[in-house]
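Lettering follows sequence order; numbering is per chain, from 1.
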Amino acid sequence: MEAVISHPWNVTIQKAKEIQLSLSKRVLLKPLLKKVLLLAAVDVSYTRWDKQGYAVLGIFSIRYDNSDGLIRIKEEVIYTRKDRVNFPYVPSYLSFREIPMLLPLFEKVDIKPDVLLVDGVGIAHPRRFGLAAHLGVLYDIPSIGCAKSRLVGMYEEPAVKKGSLTKLVFKGEEVGVVLRSKDNCKPLFVSPGNKCNVGSAARIVLKCCSKYRLADPIRRVDAISKEIRKGDNRSSVSRHLTAGSLPCGMAKPIQKGGSKQ
DNA sequence: GCGACAG
DNA sequence: ATCTTGTCGC
């Protein structure tokens with residue numbers, strides 16, 4: 001994929017804020033009605049001292065379970081990258097810490113997924129421009145933020161049953177939902193990133209939750225990220241197939257010795 | 001002024 | 001985010 005927008009990343013917090021305020025105007029909120037068949041997910045894990053980050057981008061082809069209508073991952077193509085982290089973690093500026101590591105991975109993908117799931121927030125952000133919104137705008141694709149905790153907004157606790165949800169309201173606006181993705185488990189904070197709205201975001205994320213608290217695709221990239229952090233060995237581009245063949249255009253991007261450092 | 005604060 | 005054993009609940 002090729003970014004539609006380009007801007008510096010090694011910036012001060014003040015400049016980062018200006019970029020967020022400027023780019024937030026490009027966020028488009030609308031129903032995402034197209035059936036999701038190709039889904040992407042990203043995540044980054046770190047070493048204890050924050051010196052290195054392990055970024056992962058997964059492209060997943062999807063099938064729908066006949067019985068429950070939930071999404072099942074049919075095939076996956078995984079891209080990973082180990083990088084030194086420069087930008088510190090500053091609440092509401094996570095994009096500037098993680099996106100620089102993810103950019104090289106997106107470059108390797110030559111197709112646009114129907115939606116991108118992100119471990120972080122979308123518009124449920126002080127300036128309505130969290131990590132998911134930022135990535136969605138950069139690549140002009142639908143994106144959804146699936147945070148494990150709250151950054152901003154007020155809400156009431158959703159019922160304990162999976163599928164229960166309550167509104168996440170920030171400054172009088174509904175910026176997302178608090179979604180119970182698994183019975184009796186802490187809820188997820190789902191907010192649209194780009195080319196999606198709150199309702200569609202909640203519907204899609206719930207369909208991605210099969211047996212665990214986290215949406216399957218995010219849980220997958222999260223596991224891979226932590227796995228390679230421990231091992232820190234083998235090729236940085238791997239392929240995993242579970243059945244059938246890849247949709248046209250998806251087979252190409254796999255190469256060996258692709259991305260390291 | 002003080003507490004809160006995605007990963 | 002990461003460091004960590006056992007432990008309580010579904």
Side-chain angles (χ1 to χ4, degrees), chain A residues 9 13 16-17 20 23-24 27 41-57 80-103 105 116-137 143-155 159-164 168-171 175-194 198 201 205 209-215 217-219 221-232:
Chain A
W9 295 97
I13 293 295
K17 185 176 193 174
Q20 290 179 329
L23 293 186
S24 65
V27 169
V42 292
D43 187 41
V44 180
S45 68
Y46 304 89
T47 54
R48 188 198 293 192
W49 313 275
D50 275 1
K51 286 301 184 183
Q52 314 211 79
Y54 295 82
V56 177
L57 165 60
T80 73
R81 179 183 175 84
K82 172 183 167 185
D83 246 330
R84 273 188 72 94
V85 188
N86 298 309
F87 208 89
Y89 171 66
V90 182
S92 83
Y93 295 94
L94 182 62
S95 300
F96 292 84
R97 177 173 167 77
E98 302 202 335
I99 295 186
M101 280 186 279
L102 295 169
L103 293 180
L105 300 182
L116 168 68
L117 298 187
V118 178
D119 194 340
V121 303
I123 63 170
H125 178 278
R127 292 165 292 283
R128 300 179 64 106
F129 204 64
L131 182 56
H134 206 143
L135 285 170
V137 165
S143 61
I144 299 172
C146 304
K148 296 182 290 296
S149 61
R150 183 203 77 116
L151 176 61
V152 298
M154 301 190 304
Y155 65 97
V160 300
K161 277 298 178 186
K162 174 178 179 178
S164 301
L168 180 61
V169 179
F170 181 58
K171 289 184 174 177
V175 294
V177 296
V178 183
L179 174 67
R180 192 76 65 181
S181 52
K182 175 175 163 38
D183 285 4
N184 296 56
C185 276
K186 279 184 52 180
L188 250 33
F189 295 77
V190 179
S191 58
N194 189 34
V198 174
V205 171
C209 297
S210 61
K211 303 169 58 179
Y212 311 97
R213 180 189 175 222
L214 300 186
I218 288 186
R219 188 170 188 275
V221 292
D222 181 70
I224 291 171
S225 177
K226 286 167 179 165
E227 171 192 317
I228 62 175
R229 188 188 64 210
K230 295 174 183 174
D232 204 295

Verify, without hydrogens or angle tests, whether [X] (side chain) and [Y] (backbone) share a donor-acceptor contact under 3.5 angstrom.
X      : Y      : value
A:R180 : A:A159 : yes
A:S24  : A:Q20  : yes
A:H125 : A:S92  : yes
A:S181 : A:L214 : no

Discussion item. Both atom distances under 3.5 Å, Watson-Crick or G-U wobble: I'd like the secondary structure of DNA chain C as a dot-bracket string, with | for pairs made across strands.
Written reply: ..........

Discussion item. Which residue in the set A:E98, A:Q52, A:K226 passes side-chain hydrogen bond (donor to acceptor under 3.5 Å, both in side chains) when paired with A:Y46?
Written reply: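 Among A:E98, A:Q52, A:K226, the one meeting side-chain hydrogen bond (donor to acceptor under 3.5 Å, both in side chains) with A:Y46 is A:E98.
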
Worksheet entry | Bracket notation of DNA chain B in which parentheses pair within the strand, [ ] cross earlier pairs, and | pairs with another strand (Watson-Crick or G-U, under 3.5 Å) | .......

Worksheet item: Atom CG in A:L135, atom CD1 in A:I144: separation rounded to 0.5 Å?
Response: 13.0 Å

Worksheet item: Under 4.0 angstrom, heavy atoms only, what part of the nucleic acid is A:K51 near: base, sugar-phosphate, or nothing?
Response: nothing

Item to complete: I would like to know whether A:S45 and A:R229 meet side chain to side chain contact (heavy atoms under 4.5 Å, CB included); could you show each step before the answer?
Response: CA-CA 8 Å; A:S45 68; A:R229 188 188 64 210; 3.7 Å; yes

Worksheet entry | Test of ring centre spacing under 6.0 Å for A:F189 and A:Y155 |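 Distance test on ring centres: under 6.0 Å, yes.
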
Practice prompt. Between protein and nucleotides 5-10 of chain C, map the contacts as a letter string: B base, S sugar-phosphate only, - none, heavy atoms under 4.0 Å, written 5' to 3'.
Written response: -----S

Discussion item. I'd like to compare against my own output: the B/S/- annotation of nucleotides 2-7 of chain B with a strict under-4.0 Å heavy-atom distance to protein.
Written reply: ---BBB

Worksheet item: Looking at residues at least two apart in the chain, or sitting in another chain, which of them share a ring-ring contact (aromatic ring centres under 6.0 Å, His included) with A:F87?
Response: A:F96

Discussion item. Holding to ring-ring contact (aromatic ring centres under 6.0 Å, His included), I want the full list of residues that pass it with A:Y54, two or more places apart in sequence or in another chain.
Written reply: none

Response to the item:
Checking A:R213, A:K162, A:K161 against A:D183 for salt bridge (Lys or Arg N to Asp or Glu O under 4.0 Å), the one that qualifies is A:K161

